[in-house]
Amino acid sequence: MDRLPGFRDFLPAPVAQKDLWEFEARDYLFSKWRRVASAYGFREYDGPPLEPLELLTKKSGEEIVGQLYHFEDKGNRKVALRPEMTPTLARMIAANERQYKKPIKWFSIPQLFRYERKQKGRLREHFQLNADIVGETGEGADAELIALLIDVLRSVGLTAEDFVIRLSSREAWQQYLASHPEFRGDDYGFFQVVDKLERMPEEVADARLREFGLSLASIQEFIGAGTPTPALQQVLDNLGARGLDAFVKVDYGIIRGLAYYTGIVFEAFDRRGEFRAIAGGGRYDQLIQLVSDGKTDLPALGFGMGDVVLLELLRSRQLLPEWDSRLDVYCLLEDQNRQADLLGLLQWLRDQGIRADASLTSIKPNKQFRQAADLGARFVATPQGEGGLVRLKDLHLRDEQVLSRDDLLAELRRRLKES
Ligand code: HAM
């Protein structure tokens, strides 16, 4: 039976086919995400993958709502798999914020589900690093988040030549609309068109914009000028002081598809423009109030970075490390009477943090040797005579010595460290 389209199998590397994913690659990314987010003082949280349908339809916008996996559970509740983390975070914050000093800096690595059309870089299930700051209105928070986003991408070996963060502002767009009295229609409908402009032929774009009383030429002029709002200028200055200005540019071509954003918004792209957005986010100062029916009113901002595009980008730039799946020590049994010694040695090595393995059944020594080679073992250890002595064979240096347990451990650690 096949897996569902748009879903992934993660297998231990190396994987046999192009459409399979390496578990190690995902694990590598998660550990980088965790390390950098922690270095920025973000605390990890998680929530349920299934939520009340209503939470997820409240203010995300039509596009994401159209992609929901939703159904009625056995208690007749309308539920959906989370397509994004932000509504869950807003719900959790609204219920628990009193326990936490502001600003709250939290991150999470949820698995998300969206019934997407089949396209490059978009699947029906993905993981996302979410980092959000709650309870801070100042631009210092926007800059802090963008710095985190930059440092996460730098931590996996990407440079200012590989990616750029395109910074924009819904306020700037709102001012543009206010200064164009010919504009008609609703702001969010218009934002959705701007969000897709780059993927539309010019005639289609112009026709769509004329429905709002505007023209493509006027929009292009506004985007081309790219004059930063005072808030954006503060973010740019803040990032400049951190030495991170080479990673960002003001670009009003970005507006974000989700409905809840209120202020500065941004997206990260590869510079060559080969891939879909690597990450996206912005300020959503009213969502928590909306989700809590007005009970909690806290400003918030954040971003989501998916694993799909990022792994594709790292693979194409050959920036993924080689996975070390090798074994340190294979414990080999020569004499059946020493089975208990072998198990004792195996257990002790594992207790010391050495990656050790042995055959699960009794097989001939030459077969055990082959197994050691198949597992990529560096050493073969064989219990010897009385007194807990062990014969240690180094398969790289091709030497052999008989050692006590203490000497064995010291020798293993020394040689493993050197390699
Ligand atoms: P989003 O732009 O919908 O934002 O998603 C953020 C990132 O997740 C995208 O840039 C992309 O890397 C990845 N992504 C989204 N959909 C898919 C998909 N179907 N397949 C693979 N990757 C995907 C949000 O989700 C916001 N909730 C982010 C946020 C957090 N805003 C504030 N806080």
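Ligands are counted one by one from 1 in listed order, and the atoms in each one are counted from 1 as well. Just the heavy atoms: all of them, side chains too, but no hydrogens, waters or symmetry mates, feed the values below.
Annotation for ligand 1: atoms under 4.0 Å from non-hydrogen atoms of Thr86 are 26 (C), 27 (N), 29 (C), 30 (C), 31 (N), 32 (C), 33 (N). Interface atoms of ligand 1 facing Val308, defined by a heavy-atom separation under 4.0 Å, are 21 (C). Near Leu258, with a cut-off below 4.0 Å to any heavy atom, the atoms of ligand 1 are 4 (O), 24 (C), 26 (C). Interface of Gly302 with ligand 1, defined as ligand atoms under 4.0 Å from a residue heavy atom, comprises 30 (C), 31 (N), 32 (C), 33 (N). Near Glu116, with a cut-off below 4.0 Å to any heavy atom, the atoms of ligand 1 are 16 (N), 18 (C), 19 (N). Counting the atoms of ligand 1 from 1 in the order shown, those under 4.0 Å from a heavy atom of Gly280 are 10 (O), 28 (C).
The six-membered or imidazole ring of Phe107 lies away from that of Phe42, with a centre-to-centre distance of 6.0 Å or more. Note: Trp323 and Phe23 fail the aromatic proximity criterion, with ring centroids not under 6.0 Å apart. With ring centers used as reference points, Phe275 lies 6.0 Å or more from Phe269.
The aromatic rings of Phe222 and Tyr176 are tilted relative to each other, their planes meeting at an angle between 30° and 60°.
For the residue pair Ile254 and Trp173, the shortest heavy atom distance occurs at O-NE1, 4.0 Å. Nearest heavy-atom pair across Ala205 and Leu216 is CB-CD1, 4.1 Å.
A donor-acceptor pair is defined here as one N or O able to donate and one able to accept, closer than 3.5 Å; no such pair exists between the side chain of Asp251 and the backbone of Arg166. Here the side chain of Lys58 pairs no donor or acceptor atom with the backbone of Leu53 at under 3.5 angstrom. Formation of a donor-acceptor pair under 3.5 Å by the Gln352 side chain with backbone atoms of Ile354 is not found in this model.
Here Tyr261 has side-chain heavy atoms under 4.0 Å from ligand 1, and that is the only part of it that gets that close. Using a 4.0 Å cut-off between heavy atoms, Tyr260 contacts ligand 1 through its side chain alone, with no backbone atom that close. With a heavy-atom cut-off of 4.0 Å, Phe303 touches ligand 1 through its backbone alone. Only the side chain of Asp132 comes within 4.0 Å of ligand 1, judged by heavy-atom distances. Residue-level proximity to ligand 1 for Arg256 is carried by the side chain, the only part with a heavy atom below 4.0 angstrom. Contact annotation: for Ala277 versus ligand 1, heavy atoms closer than 4.0 Å belong to both the backbone and the side chain.
Partners of Glu411 under the salt bridge (Lys or Arg N to Asp or Glu O under 4.0 Å) rule, at least two apart in sequence or in another chain, are Arg414, Arg415.
Scanning the protein for heavy atoms near atom 28 (C) of ligand 1, the closest one is Gly304 N, 3.4 Å. Nearest protein heavy-atom contact of atom 17 (C) of ligand 1 is His126 CE1, 3.3 Å.
Residue-to-ligand polar distances keep Asn130 apart from ligand 1: every N/O pair is separated by 3.5 Å or more. Considering backbone and side-chain atoms alike, Gln128 places an N or O below 3.5 Å from some N or O of ligand 1. The shortest N or O to N or O distance between Leu123 and ligand 1 is below 3.5 Å. Close N/O approach between Glu267 and ligand 1 is not found [any backbone or side-chain N/O within under 3.5 Å]. Polar contact with ligand 1: present for Ile278 (N/O pair, distance under 3.5 Å).
Looking at Glu84, Arg114, Gln119 and measuring to atom 16 (N) of ligand 1, the nearest heavy atom belongs to Arg114.
For the pair Arg170 and Tyr261, the cation-pi test (distance below 6.0 Å, angle within 45°) is failed. A cation-pi geometry, defined here as NZ or CZ lying under 6.0 Å from the six-membered ring centre and within 45° of its normal, does not hold between Lys393 and Phe379.
Residue Met85 places no heavy atom under 4.0 Å from ligand 1. At least one heavy atom of Gly121 sits less than 4.0 Å from an atom of ligand 1.
Atom CD of Glu267 is separated from atom CZ of Arg256 by 4.5 Å, given to the nearest 0.5 angstrom.
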